[in-house]
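Each remark here refers to the structure printed beneath this line.
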Amino acid sequence: MAAAARDPLSAAGLDEADEAVRGTCEDASVCKRFAVSVGYWKDPYIQYFVRQAKERKAPEINRGYYARVHGVSYLIKAFLKKTECNCQIVNLGAGMDTLFWRLKDENLLPRKYFEVDFPMIVSRKIHNIKSKPPLSKPIMESHSGDSLLIDSHSLDSTRYSIVGADLRFSSDLEEKLKKHNLDIQLPTLLVAECVLVYMTPQQSADLLKWAANTFPVAMFINYEQVNMTDRFGQIMIENLQRRQCNLAGVEVCRSLDSQRERLLLNGWEAAHAIDMMKVYSFLPQADVKRIEALEFLDEKELFEQLMQHYCICWASKDSSNLGLANITF
């Protein structure tokens, strides 16, 4: 987007804003790594991407990430089941996510798995992959044919691809993905976790519209803030602003209805949205009991408020009648 700004001052401001958004990738990765180290869920790969947290994370943060990881994963696996893995996944703003490696371990890889993020984040991820055999080996094992294509801002193998692109320009995004063998006829799952909220409502609408118009059979999963007009939501916004991090798309995060509406208005046929407290109540209760025993949670009310201010929304269009509209918790 900075490239489109003619005024050098606005370009500089934009770059500063993008820098703050890139910083959220580091924050999320460190929080996940800490929760994994305490035993909330297993992820043997995150240690190769991110340092261990210097200080403990609050129990409500750990439980929140547990619900996020398990909630998103539940929908992803439901999509893989409906398509029998004969599909592709496009992880938008993937950061240091390790899902490709975890799906491979579970024998649940789609035909191709794509990741997209800022070129700066992508080059860091590629460096980690190249220098850490536990990351590069699974990519090589799932690769057939000639040598891998790899440069500083992209990596392309038979089953895994990572590209540096700006999600605010969908034509550029599509061109880069097609270079890496994106197949628009294949059932496609797009995942965005805390990504759309950093774009203006118009930019996120353009991205959602592009996805809905491009793929005849598709599902979109979006995880981000909700109920942001109340006092708790305002405090969340102010805390981020203090770190120069502006939620450009926060007006769409007014309610579950506004989240659903955005998906339906931009070309998706069926859409759902539920807050994370609801998701938490749907997760396997034996495992929830296990993780609740890991740490004492003093502020149950704070945890509930936090969870009511995040949501998972998902939408589908399904010209092949695979039953995507029936996917739910």
Side-chain angles (χ1 to χ4, degrees), residues 20-21 23-47 49-75 95-99 102 193-195 197-198 221-247 250 253-256 259 273-313 329:
V21 174
T24 64
C25 158
E26 180 71 11
D27 293 347
S29 306
V30 169
C31 287
K32 283 181 181 174
R33 167 97 200 250
F34 182 78
V36 165
S37 73
V38 177
Y40 278 83
W41 69 92
K42 287 187 171 68
D43 183 346
Y45 301 101
I46 197 162
Q47 60 182 317
F49 286 119
V50 61
R51 61 191 165 76
Q52 182 59 284
K54 287 189 177 74
E55 67 291 316
R56 290 189 72 80
K57 301 293 173 188
E60 61 270 16
I61 301 291
N62 297 329
R63 286 191 194 182
Y65 272 97
Y66 167 84
R68 169 180 170 175
V69 167
H70 284 273
V72 171
S73 174
Y74 176 85
L75 291 176
M96 297 297 134
D97 194 79
T98 61
L99 184 62
R102 289 179 285 125
E193 294 185 53
C194 288
V195 171
V197 72
Y198 294 111
I221 299 172
N222 177 37
Y223 168 89
E224 68 182 0
Q225 290 86 342
V226 74
N227 298 324
M228 294 300 276
T229 53
D230 67 12
R231 186 69 198 117
F232 193 89
Q234 290 306 305
I235 291 167
M236 284 168 70
I237 292 167
E238 286 160 20
N239 287 343
L240 281 161
Q241 281 171 342
R242 271 199 286 279
R243 294 164 50 195
Q244 266 69 55
C245 202
N246 180 33
L247 300 181
V250 77
C253 303
R254 283 189 313 278
S255 65
L256 293 171
Q259 287 281 16
I274 57 175
D275 73 45
M276 291 309 293
M277 203 59 221
K278 204 68 168 275
V279 172
Y280 193 69
S281 74
F282 289 144
L283 296 177
Q285 289 307 293
D287 201 52
V288 168
K289 231 184 184 116
R290 177 190 67 79
I291 65 111
E292 287 183 345
L294 291 173
E295 296 178 289
F296 175 66
L297 180 69
D298 195 22
E299 307 235 13
K300 280 204 168 68
E301 200 180 296
L302 174 63
F303 172 64
E304 283 177 19
Q305 279 188 304
L306 195 59
M307 297 290 269
Q308 284 157 1
H309 286 81
Y310 282 92
C311 67
I312 290 182
C313 323
F329 283 92

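In this text the structure is predicted, and so the values were computed from the model without any measurement. Note: hydrogens, waters and symmetry copies are ignored here, and every other heavy atom, side chains too, is used.
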Rounded distance [0.5 Å steps], CD1 in Ile274 versus CG in Leu256:
8.5 Å
Under 3.5 Å donor-acceptor, Ser73 side chain and His70 backbone
no
When you compare the side chains of Glu295 and Tyr40, does any donor N or O come within less than 3.5 Å of an acceptor on the partner?
yes
List the steps and the verdict of side-chain contact (heavy atoms from CB on, under 4.5 Å) for Val250 and Gln225.
CA-CA 8 Å; Val250 77; Gln225 290 86 342; 5.8 Å; no
Any side-chain heavy-atom pair from Arg33 and Phe49 closer than 4.5 angstrom?
no
Heavy-atom closest pair, residues Pro59 and Phe296:
CG-O, 3.6 Å
Hey, are the side chains of Ile61 and Leu306 touching, using non-hydrogen atoms and a 4.5 Å cut-off?
yes
Residue pair Leu302, Phe232: steps toward the side-chain contact (heavy atoms from CB on, under 4.5 Å) verdict:
CA-CA 10 Å; Leu302 174 63; Phe232 193 89; 3.8 Å; yes
Note, Lys32 side chain near Trp41 side chain (heavy atom, < 4.5 Å)
yes
Please report the closest heavy-atom contact between Tyr65 and Ala28, naming both atoms and the distance.
OH-CA, 3.4 Å
Evaluate the side-chain proximity of Gln234 to Glu238: yes if any heavy-atom separation is below 4.5 Å, no if none is.
yes
Tell me, do Cys253 and Met236 make a side-chain contact under 4.5 Å, heavy atoms counted?
no
A side-chain contact here means heavy atoms from C-beta on lying under 4.5 Å apart; do Ile291 and Arg63 qualify?
yes
Heavy-atom side-chain proximity of Val195 to Glu224 below 4.5 angstrom:
no
Would you call the rings of Tyr223 and Tyr310 parallel, tilted or perpendicular, where under 30° means parallel and over 60° means perpendicular?
parallel
Does the side chain of Val36 come within less than 4.5 Å of Lys42's, by heavy atoms?
no
NZ/NE/NH1/NH2 to OD/OE distance under 4.0 Å, Lys278 and Asp275
no
Minimum heavy-atom distance Gly39-Arg290, with the two atoms named
O-NH1, 2.8 Å
